[in-house]
Chemist: 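Starting off with a structure, shown below.
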Amino acid sequence: MMSRLTNHEVAEMFSAIADLMEILDEDRFRVQAYRRASDAIRDLLAPLATYRDRGELETIPGVGKAIARKIGELLDTGELQYYNRLQEKVPPGVRELLRVPGIGPRTAGRLYRELGITSLAELKRAAEEGRLATLKGFGTKMIEGILQGISIAERQERRMPLAQALETVQELILALRTAAPALHQATYAGSLRRGRPTVGDLDILVAADDAPAVVRAFTTLPLVARVESAGDEKASILLHNGTQADLIAVPPALWGSALHHFTGSKAHNIRFRELALARGLSFSEHGFRRADGTMLTCATEEEVYAAIDLPWIPPELREDEGEFEAARAGTLPRLVELSDIRADLHMHTTWSDGCADVRTMAEAARARGYSHIAITDHSAYIGLTHGLDAERLHAQRREIAALNAAYAAQGIPFRILCGVEVDITPEGSLALPDDVLAELDIVVASAHIQLRQSSEVATERLLRAVRNPHVDIIGHPVGRMLGSREGAPVDIDALARAAAEHGVLLEVNSGPTRLDLEGPAVRRALELGATIAINSDAHHPDNLDWIRFGVITARRGWAGAAQVANTWSFEALQEWLRRR
DNA sequence: GCCGTTTTCGGCCCGACTGTTTTCAGTCG
């Protein structure tokens, strides 16, 4: 039987294998190998079947002969004998125990072997009935910790969107600055600094002369619900909403090495330390230890990279996905920055489902220093509120023309493009006729309904839109909603090639729950010659600030300013649109 | 199990914090 396993499901299975092997106390390097392969597979853009068909499975980093063979077995049969045998030795529920903070593979293995525990519920009962105390090494504190950990695991903590994490962490840092004024520096690190679409916990780094005092101030903030752990330089706490936040306090002289260490990613750090070791330097958050035992400390990240003769690498690129090679070759891109953005090409007004009128949105954009915007209200289409038909589009166009005339009369260099966000039907046609689209300055085409299509159908749907000569931008191409909806399984390579050929821009939608396209897809699209547009999709003037999240996402895709249409002048954009 | 700017064999990143220990293993990031 041919299986329809997704990359994510295969990655999950290898991750489970690693967990089960670890519970069985098998060789930790073999465990690590399965983890690495799992991570690599999870980040792939193309389906594993494509790699297999091209005989390229072993080009995936971390995948060698043995794992390639297992992937093949999974794709062919939907099953993996090796995994089945592991499951016979360890019931799947035992793996659930790993979700409890403080319980790792060794402990989970003992709980199963010595008490026969195979689920969170059984673990809870055993703790309450006092059976855990019969195990050697299980004191009262340990059991108390496990009981608290179970309730955390049961609450099924969710990853937080980037936008919410940034807001929370800034609040925390402000509170800490107030409570512990003697801070030299304070910032966030971890996956948040790398700009991941969602983050699991918050990492805060501070530089201070009296680290223990800062840690004490942190653990006693009113925002703190519970202290998980606290030492002289580190602490881990839970906020009232269940979010975990970790603090690291270091002397100012160690700021650079500590910031690098706690920014990650894990893969980037491991690779970095290997490169350092090759030069006889052992690297940690405290700096470089030379062979003779002396230390080289770094107050900045630039010094950290310079120690192994590399230029500073932007946090968004730190995934060990080629950034070391690019840094060594001197080909790191100058990434797009928020200050490069001159325009927002996708926003809504009260003409459809927005909160503000055209003038208010325009003024909000002007206040952000933009030179031009596109008003792109929804087209009339089933289920969409107040969509515009040809007649209302004409009326809106007159309003926008009047506004542009008024700006011109006042000598204000600001232009409003008249556009639309037209729906792409499930078959790939557009919800407005071509002659209507032809009259507009700019057309965003987006799919909103029936996103659960096969890869072939979903891709062809977008390709048809790309081939329409009036379409300028494909809006939120895969249509994912973080935490609630997977995106459509669009073939990014095919979309990017077509977009490059037809001069259609691919959107990085900045909505905090979209971030679509996301980083790796942006990178692939740019490699294939496509150009992107970073848009807010604002429905409220304040939403224009979302563009910040889109910029971060584009940076994760290695985007330089020139590859982002929003950084172009009005004239340059006009030229691009004319040439289409 | 993977991998090669010393290696196709012999390595595989580093340290803080905790609990229960009388010196350390397990967990975590």
Side-chain angles (χ1 to χ4, degrees), chain A residues 14 17-18 21-23 25-40 57-71 82 97-111 132-133 135-146 149 189-192 199-205 211-212 215 219 227-237 244-250 254 257-258 260-289 308-309 320 324-325 328:
Chain A
F14 284 124
I17 286 173
M21 287 172 71
E22 210 168 12
I23 288 167
D25 198 19
E26 294 196 25
D27 180 72
R28 65 196 172 98
F29 296 112
R30 288 185 61 215
V31 171
Q32 191 186 52
Y34 280 100
R35 288 241 153 81
R36 278 199 59 200
S38 172
D39 290 344
L57 280 176
E58 289 182 45
T59 65
I60 301 167
V63 175
K65 274 193 166 33
I67 290 182
R69 199 162 50 235
K70 289 185 173 71
I71 293 171
Y82 182 66
L97 305 180
L98 298 179
R99 289 176 40 220
V100 179
I103 293 188
R106 309 296 298 245
T107 310
R110 284 192 61 202
L111 289 169
L132 285 190
L135 260 53
K136 192 165 184 295
F138 280 65
T140 52
K141 282 205 156 179
M142 180 103 173
I143 292 167
E144 190 186 323
I146 286 176
S191 54
L192 185 54
V199 303
D201 60 12
L202 307 173
D203 297 295
I204 297 173
L205 180 68
V215 172
T219 54
V227 179
E228 294 279 277
S229 70
D232 285 342
E233 54 194 52
K234 291 183 184 180
S236 183
I237 56 108
Q244 183 181 324
D246 297 337
L247 176 81
I248 303 96
V250 299
L254 302 188
S257 49
H260 179 270
H261 175 80
F262 290 105
T263 296
S265 65
K266 188 170 183 170
H268 181 91
N269 283 359
I270 288 175
R271 183 75 186 286
F272 184 90
R273 290 187 189 130
E274 285 170 356
L275 293 173
L277 269 184
R279 292 161 181 261
L281 296 169
S282 171
F283 182 69
S284 76
E285 60 263 50
H286 301 126
F288 297 89
R289 186 187 306 280
I308 62 168
D309 294 323
D320 192 18
F324 286 110
E325 289 76 7
R328 183 177 304 159

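Just so it is clear: chains get the letters A, B, ... in the order the sequence lines come, proteins before strands, and each one is counted from 1.
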Chemist: Checking all strands, does A:Phe138 fall into the base, sugar-phosphate, or nothing category for heavy-atom contacts under 4.0 angstrom?
Modeler: sugar-phosphate
Chemist: How far, in whole Å, is B:dT27 from B:dT20 if one measures between their P atoms?
Modeler: 14 Å
Chemist: With a 4.0 Å cut-off on heavy atoms, is A:Thr140 in touch with a base, just the backbone sugar-phosphate, or nothing at all?
Modeler: sugar-phosphate
Chemist: Would you indicate which nucleotide in B:dT20, B:dC2, B:dA16 comes nearest to any side-chain atom of A:His286?
Modeler: B:dA16
Chemist: Does the A:Arg99 side chain pair with the main chain of A:Gly149, one donor and one acceptor, at a distance under 3.5 Å?
Modeler: no
Chemist: To the nearest 0.5 Å, what is the distance between OG1 (A:Thr140) and CG (A:Leu132)?
Modeler: 12.0 Å
Chemist: Using a heavy-atom cut-off of under 4.0 Å over every strand shown, decide if A:Lys136 touches base, sugar-phosphate, or nothing.
Modeler: nothing
Chemist: Rounded to whole angstroms, how far apart are CZ on A:Phe288 and C1' on B:dC14?
Modeler: 13 Å
Chemist: Determine the interatomic distance between C1' on B:dG11 and the same-named atom on B:dA16; round to the nearest Å.
Modeler: 26 Å
Chemist: Please report the distance, rounded to the nearest Å, between NE2 in A:His268 and C1' in B:dC14.
Modeler: 15 Å
Chemist: Using the C1' atom in both, what is the distance from B:dT18 to B:dT22, to the nearest Å?
Modeler: 16 Å
Chemist: I'd like a list of close polar pairs between nucleotides 3-5 of chain B and the protein, N/O only, cut-off under 3.5 Å.
Modeler:
{"residue": "B:dC3", "atom": "OP1", "partner": "A:Gly62", "partner atom": "N", "Å": "2.8"}

Chemist: Determine the interatomic distance between P on B:dC12 and the same-named atom on B:dT6; round to the nearest Å.
Modeler: 15 Å
Chemist: Considering only residues two or more places apart or on different chains, which pairs with a residue in residues 260-270 of chain A satisfy salt bridge (charged side-chain N to carboxylate O under 4.0 Å, His left out)?
Modeler: none
Chemist: Measure the acute angle between the ring planes of A:Phe283 and A:Phe288, then classify it against the limits of 30° and 60° as parallel, tilted or perpendicular.
Modeler: tilted
Chemist: To the nearest 0.5 angstrom, please state how far the CG atom of A:Asp203 sits from the CG atom of A:Asp201.
Modeler: 5.0 Å
Chemist: Would you kindly compare A:Glu233 and A:Phe283 by the position of their nearest DNA chain B nucleotide and give the one closer to the 5′ end?
Modeler: A:Phe283
Chemist: Quick one: does any side-chain atom of A:Thr219 pair with a main-chain N or O of A:Val215 as donor and acceptor, under 3.5 Å?
Modeler: yes
Chemist: Looking at residues at least two apart in the chain, or sitting in another chain, which of them share a ring-ring contact (aromatic ring centres under 6.0 Å, His included) with A:His261?
Modeler: none
Chemist: Applying a 4.0 Å non-hydrogen cut-off, can you work out what A:Ala230 is touching in the nucleic acid: base, sugar-phosphate, or nothing?
Modeler: sugar-phosphate
Chemist: Can you measure A:Asp320 atom CG to B:dC12 atom P for me and round it to whole angstrom units?
Modeler: 17 Å
Chemist: Using purine N1 to pyrimidine N3 plus N6-O4 or O6-N4 for Watson-Crick, or N1-O2 and O6-N3 for G-U wobble, both under 3.5 Å, which nucleotide pairs with B:dT8?
Modeler: none
Chemist: Starting at atom CZ of A:Phe29, determine the distance to atom P of B:dG10, rounded to an integer number of angstrom.
Modeler: 15 Å
Chemist: Within the structure shown, what part of the strands sits under 4.0 Å from A:Ser236 by heavy-atom distance: base, sugar-phosphate, or nothing?
Modeler: nothing
Chemist: Rounded to whole angstroms, how far apart are CD on A:Glu228 and P on B:dT18?
Modeler: 11 Å
Chemist: For residues 60-71 of chain A, which side-chain donor-acceptor pairs fall under 3.5 Å, sequence neighbours excluded?
Modeler:
{"residue": "A:Lys70", "atom": "NZ", "partner": "A:Tyr34", "partner atom": "OH", "Å": "3.2"}

Chemist: Just jot down the side-chain hydrogen bond (donor to acceptor under 3.5 Å, both in side chains) partners of A:Glu144, sequence neighbours excluded, or say none.
Modeler: none
Chemist: If you measure from the P atom in B:dT21 to the same atom in B:dG26, how many Å do you get, rounded?
Modeler: 14 Å
Chemist: Here's a test for you: under side-chain contact (heavy atoms from CB on, under 4.5 Å), which of A:Glu26, A:Arg28, A:Gln32 qualifies with A:Arg30?
Modeler: A:Glu26
Chemist: Taking CG from A:Asp27 and P from B:dC2, how many angstroms apart are they, rounded to a whole number?
Modeler: 13 Å
Chemist: Can you tell me how far P of B:dC17 sits from CG of A:Asp232, to the nearest Å?
Modeler: 6 Å
Chemist: Pick the C1' atom in B:dT8 and in B:dC2, then give their distance to the nearest Å.
Modeler: 12 Å
Chemist: Applying a 4.0 Å non-hydrogen cut-off, can you work out what A:Ile248 is touching in the nucleic acid: base, sugar-phosphate, or nothing?
Modeler: nothing
Chemist: What distance separates A:Arg110 CZ from A:Ile103 CD1, expressed to the nearest 0.5 Å?
Modeler: 11.5 Å
Chemist: Distances for protein N/O vs nucleotides 27-29 of chain B N/O pairs under 3.5 angstrom?
Modeler:
{"residue": "B:dT27", "atom": "OP1", "partner": "A:Gly104", "partner atom": "N", "Å": "2.7"}
{"residue": "B:dT27", "atom": "OP1", "partner": "A:Gly104", "partner atom": "O", "Å": "3.1"}
{"residue": "B:dT27", "atom": "OP1", "partner": "A:Thr107", "partner atom": "N", "Å": "2.9"}
{"residue": "B:dT27", "atom": "OP1", "partner": "A:Thr107", "partner atom": "OG1", "Å": "2.5"}
{"residue": "B:dT27", "atom": "OP2", "partner": "A:Arg106", "partner atom": "N", "Å": "3.2"}
{"residue": "B:dT27", "atom": "O5'", "partner": "A:Gly104", "partner atom": "N", "Å": "3.4"}
{"residue": "B:dC28", "atom": "OP1", "partner": "A:Gly102", "partner atom": "N", "Å": "2.6"}

Chemist: Tell me the interatomic distance from A:Phe272, atom CZ, to B:dG15, atom P, rounded to whole angstroms.
Modeler: 14 Å
